[in-house]
Number of protein chains: 2
Amino acid sequence: MTDHNALDSTPRRGRRPGASNTRPAILEAARARFASDGFAASTIRLIASDASVDASQVMQFYRSKDELFAAVMAIPPVALDRFSTAFEGPDEHLGERVVRAYLGAWEGEPEESEPLMAMLRGAIVNESASAQLRSFIEARLLEGTSGRADADAALRAGLASAMLVGIVTGRKIIGVPTLVAAGTDELVAMVGPAIQQILVP
Amino acid sequence: MTDHNALDSTPRRGRRPGASNTRPAILEAARARFASDGFAASTIRLIASDASVDASQVMQFYRSKDELFAAVMAIPPVALDRFSTAFEGPDEHLGERVVRAYLGAWEGEPEESEPLMAMLRGAIVNESASAQLRSFIEARLLEGTSGRADADAALRAGLASAMLVGIVTGRKIIGVPTLVAAGTDELVAMVGPAIQQILVP
DNA sequence: ACAGAAACTCAACGCTTGTTGAGAAACTAT
DNA sequence: ATAGTTTCTCAACAAGCGTTGAGTTTCTGT
């Protein structure tokens with residue numbers, strides 16, 4: 001709805017003067033859309049409109065909607081090292097640390113949480129997103145279980161991840177009122193011991 | 001001699017002889033599609049094709065795609081009493097019983113699990129499905145916490161539900177290999193104590 | 001200064017979507 | 001029988017989708 005007025009000196013067509021940050025703008029708009037609306041409901045035109053850009057620009061930078069999605073997914077989450085450090089250290093408060101790391105990653109700054117939300121929402125309908133989330137979780141699991149000899153350590157880590165993702169889904173996507181109302185510390189206090197029991201039998 | 005074939009016994013147009021079970025056939029096809037592909041990817045034409053029916057038939061029985069979806073959701077899950085009985089009984093093996101009830105409900109017969117899968121998949125992209133799943137979970141929570149005085153009993157039950165739904169999501173939707181490979185008994189043995197700890201502090 | 005690449009707008013394409021209406025055949029009444 | 005309702009096929013619609021190509025303007029390298 002923001003049409004340039006007639007007195008505007010900037011031409012209506014052709015390349016605009018100055019440097020262009022259109023490409024990252026598109027990526028950011030796509031990230032936000034995919035995170036909040038999911039893959040199918042996020043149309044190219046809507047994303048382009050969010051970035052104040054023509055739809056065909058999106059196609060020029062990222063060759064298709066799928067590649068745009070892949071680009072959003074490929075963003076190395078800033079939260080990545082949160083996980084790796086969470087599994088290190090003494091076993092005593094392992095559960096608590098892991099729970100806090102997960103909740104923090106999904107509920108922190110948009111820059112940090114949106115790729116994860118997009119992954120989660122996209123994994124339901126988009127096959128590549130599902131594979132992406134799968135490999136993401138698996139990579140975390142390998143970090144977490146490195147140095148342990150347990151045969152089922154991977155399974156235990158996978159269970160813990162799935163349970164924590166379930167809590168995040170309930171809070172951020174489905175919106176179960178009971179979970180939404182709960183504070184982070186309260187959750188950590190309750191879930192920490194349970195996760196501890198899963199990870200360190 | 002071009003159009004009507006006198007030898008053709010099955011007419012191509014008009015109502016077919018005999019009783020019609022088209023309406024339930026559509027509902028069943030829709031349930032399966034919504035469960036496996038989610039709301040957006042399940043097109044009316046595809047569902048109609050699954051049910052060997054014209055697309056406009058779907059619109060005649062259920063007035064819109066949204067109402068079709070609502071009809072699928074409205075099916076009272078056979079698994080319903082599984083949950084209510086799981087919370088009853090002594091606290092000793094409560095966690096184990098609840099875990100077994102959840103896994104069984106989502107991994108049993110298609111008739112039993114498909115409405116739940118459709119709910120879960122639909123909750124990501126469809127607002128009404130999200131509300132439906134929310135109220136479904138809340139109803140289970142009320143059953144589970146009835147008779148308990150704890151102020152945070154509802155939160156504990158909600159957490160347990162979310163964690164178990166997370167495990168099911170990892171197994172049936174995202175397909176985390178580690179979780180898929182695990183057997184039900186193995187999962188119950190690992191997760192049972194953790195859920196127990198959540199529910200009975 | 002000049003050529004080529006890059007950024008941008010605009011208009012359209014082919015396709016699929018949910019949805020509708022006309023009409024044909026079979027059922028259910030009276 | 002006759003009328004009316006229900007079930008069904010077929011063809012089309014308006015809208016939205018992802019995508020493409022042509023043309024215009026600016027930047028960049030030489």
Side-chain angles (χ1 to χ4, degrees), chain A residues 1-6 8-27 29-30 33-34 37-72 122 125-128, chain B residues 2-6 8-27 29-30 33-34 37-72 122 125-126 128:
Chain A
M1 319 312 159
T2 63
D3 253 22
H4 295 309
N5 65 53
D8 203 334
S9 57
T10 60
R12 316 190 124 275
R13 331 217 325 169
R15 180 171 185 164
R16 297 211 202 91
S20 165
N21 68 330
T22 296
R23 196 186 161 99
I26 291 174
L27 195 65
R33 274 294 162 195
F34 283 140
D37 298 353
F39 179 80
S42 301
T43 69
I44 295 273
R45 291 169 217 261
L46 188 54
I47 291 171
S49 167
D50 287 347
S52 303
V53 153
D54 193 89
S56 58
Q57 283 277 83
V58 178
M59 305 299 298
Q60 189 163 342
F61 287 118
Y62 310 90
R63 294 161 40 89
S64 70
K65 187 185 180 182
D66 280 330
E67 284 194 31
L68 211 209
F69 190 80
V72 167
V125 287
N126 188 282
E127 184 52 40
S128 77
Chain B
T2 56
D3 284 346
H4 291 359
N5 187 348
D8 199 345
S9 56
T10 61
R12 315 195 118 275
R13 332 220 324 172
R15 179 172 185 167
R16 297 211 202 92
S20 166
N21 66 330
T22 296
R23 197 187 162 101
I26 291 175
L27 194 66
R33 274 293 160 197
F34 284 140
D37 299 353
F39 180 80
S42 301
T43 68
I44 294 275
R45 289 169 218 263
L46 188 55
I47 291 171
S49 167
D50 287 349
S52 304
V53 153
D54 193 89
S56 58
Q57 282 278 83
V58 177
M59 304 300 298
Q60 188 159 351
F61 286 118
Y62 310 89
R63 294 162 40 90
S64 70
K65 188 186 180 182
D66 280 330
E67 284 195 30
L68 212 207
F69 190 79
V72 167
V125 287
N126 188 284
S128 77

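Within every chain, numbering begins at 1; the chains are lettered A, B, ... in the order of the sequence lines, protein sequences first and strands thereafter. Computed from a prediction, not measured in an experiment: that's the story for all the values here.
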Any [X] side-chain heavy atom under 4.5 Å of [Y] side chain:
X	Y	answer
B:Gln57	B:Phe61	yes
B:Tyr62	B:Leu27	yes
B:Phe34	B:Ile47	yes

Measuring from atom OG of B:Ser49 to atom CD1 of B:Ile44, what distance do you get when rounded to the nearest 0.5 angstrom?
13.0 Å
Minimum-distance nucleotide to [X] side chain [options: [options]]:
X	options	result
A:Ser56	C:dC10, D:dT25, C:dT20	C:dC10
B:Pro17	C:dA26, C:dG18, D:dC17	C:dA26
A:Phe61	D:dA12, C:dC8, D:dT7	C:dC8
A:Lys65	C:dC27, D:dT19, C:dT17	D:dT19
A:Gln57	C:dT9, D:dT7, D:dC27	C:dT9

To the nearest angstrom, how far is [X] atom [atom1] from [N] atom [atom2]?
X	N	atom1	atom2	value
A:Met59	D:dA22	CE	P	16 Å
B:Leu46	C:dT17	CG	P	8 Å
B:Gln60	C:dA22	CD	P	14 Å
B:Asn21	C:dA26	CG	P	17 Å
A:Asp54	C:dC8	CG	C1'	8 Å
B:Phe39	C:dT17	CZ	C1'	12 Å
B:Arg16	C:dA25	CZ	P	14 Å
B:Asp37	C:dT17	CG	P	12 Å

Indicate whether OP1 or OP2 belonging to D:dC8 is found under 4.0 Å from a side-chain N or O atom of B:Ser20.
yes
Ignoring hydrogens and angles, does a donor from either the side chain of A:Arg13 or the base of D:dT25 sit under 3.5 Å from an acceptor on the other?
no
Hey, is the side chain of B:Arg45 pairing donor to acceptor with the base of C:dG18 inside 3.5 Å?
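Donor-acceptor pair under 3.5 Å: yes.
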Could you tell me whether A:Ser64 contacts a base, only the sugar-phosphate backbone, or nothing, with contacts defined as non-hydrogen atoms closer than 4.0 Å?
sugar-phosphate
Contact class for B:Thr22 vs. all strands (heavy atom < 4.0 Å): base, sugar-phosphate, or nothing?
sugar-phosphate
Do B:Ser64 and B:Asp66 have side-chain atoms, one donor and one acceptor, less than 3.5 Å apart?
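Their side chains do not contain a donor-acceptor pair, so the 3.5 Å distance test is not met.
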